[in-house]
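Below is one structure; the comments refer to it alone.
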Amino acid sequence: QVQLVESGGGLVQAGGSLRLSCAASGRTFSSYAMGWFRQAPGKEREFVARISSSGGTTYYADSVKGRFTISRDNAKNTVSLQMSSLKPEDTAVYYCAARLGKYGTTWYGDYGSWGQGTQVTVSS
């Protein structure tokens, strides 16, 4: 498995931007599809975005499509989530997750490795 550490969360006003990063260590990062999920208080963990092991395929939740961009750098063992036009409803703890294989899914149960999470708070 890989070990994951997120960074980049914080407090931002509505309409602003944040960039989350996730650093991976352990086994071969390029063998893992990566995903970002989020969980708001009192709500279930929900899918945000995913990227294939090569970085060639991405997929987004409808709620963030056009505002968020997922990317990865396999040479640096990192995956990022660029978030723009943030809304108060984007407030949550954001987690990166790794799934061994070429493609990820939208279900959190398919991912075997998780980071500790980073808080994103969007004020109105």
Practice task
Find out whether Thr118 and Val93 are in side-chain contact, i.e. whether some heavy atom of one side chain is under 4.5 Å from a heavy atom of the other.
Solution key: no

Practice task
Indicate yes or no for a side-chain donor-acceptor contact from Ser53 to the backbone of Ser31 under 3.5 Å, with no hydrogens or angles considered.
Solution key: no

Handout entry: Interatomic spacing from CD1 in Ile70 to OG in Ser52 - rounded to 0.5 Å
Key = 9.5 Å

Handout entry: Arg99 side chain to Ala33 backbone, donor-acceptor under 3.5 Å
Key = no

Exercise for the section: Take Thr105 and Asp110 through the test side chain to side chain donor-acceptor pair (under 3.5 Å) and record every step on the way to the result. Expected result: CA-CA 7 Å; Thr105 72; Asp110 282 336; 2.8 Å; yes

Handout entry: Check: Gln1 and Trp114 side chains under 4.5 Å, non-hydrogen atoms
Key = no

Practice task
Return the minimal non-hydrogen interatomic distance between Leu11 and Ser123, and the atom names on each side.
Solution key: CD1-CB, 4.3 Å

Problem - Residue pairs involving residues 71-109 (criterion ring pair (Phe, Tyr, Trp, His ring centres under 6.0 Å); sequence neighbours excluded) - result: none

Exercise for the section: Please name the pair of heavy atoms, one in Ala92 and one in Arg38, separated by the smallest distance, quoted to 0.1 Å. Expected result: CB-CB, 3.8 Å

Exercise for the section: Mind checking the CG-OG spacing from Asn77 to Ser25? Nearest 0.5 Å is all I need. Expected result: 8.0 Å

Fill in the blank from the handout: Distance col, row Glu6:CD vs Leu81:CG, nearest 0.5 angstrom, shows 11.0 Å

Handout entry: Set of residues satisfying ring pair (Phe, Tyr, Trp, His ring centres under 6.0 Å) with respect to Tyr111, sequence neighbours excluded
Key = Phe37

Fill in the blank from the handout: One should read off an interatomic distance between Ser80 OG and Leu20 CG, to the nearest 0.5 angstrom, of 8.5 Å

Handout entry: Reference residue Phe47; test side chain to side chain contact (heavy atoms under 4.5 Å, CB included); the match among Tyr60, Trp36, Tyr59
Key = Tyr59

Problem - Any side-chain heavy-atom pair of Arg50 and Met34 under 4.5 Å - result: no

Handout entry: Side-chain (Thr91) to main-chain (Val122) donor-acceptor, under 3.5 angstrom
Key = yes

Exercise for the section: Measure the spacing between CD1 of Ile51 and OG1 of Thr58 and express it to the nearest 0.5 Å. Expected result: 6.5 Å

Exercise for the section: Considering non-hydrogen atoms only, spot the tightest contact between Pro88 and Ser124 and give its length. Expected result: CG-CB, 3.8 Å

Handout entry: Minimum side-chain heavy-atom gap Val79-Cys22 below 4.5 Å
Key = yes

Problem - Separation between OG of Ser54 and CG of Asn74, rounded to the nearest 0.5 Å - result: 8.0 Å

Fill in the blank from the handout: When every non-hydrogen atom of Leu4 is compared with those of Ala24, the smallest separation belongs to CD2-CB, 3.6 Å

Practice task
Please assess Cys96 against Gln116 for the test side chain to side chain contact (heavy atoms under 4.5 Å, CB included), listing each intermediate value before the final yes or no.
Solution key: CA-CA 8 Å; Cys96 70; Gln116 83 288 351; over 6 Å; no

Practice task
May I ask you to check whether over 12 heavy atoms, not counting those of Lys43, lie within 6.0 Å of atom NZ?
Solution key: no

Exercise for the section: Considering only NZ, NE, NH1 and NH2 on the basic side and carboxylate oxygens on the acidic side, decide whether Asp90 and Lys87 come within less than 4.0 Å. Expected result: no

Problem - Gln13 atom CD, neighbour heavy-atom count above 12 within 6.0 Å - result: no

Exercise for the section: With sequence neighbours left out, write down each residue that passes side-chain hydrogen bond (donor to acceptor under 3.5 Å, both in side chains) with Gln82, or none if nothing qualifies. Expected result: Arg19

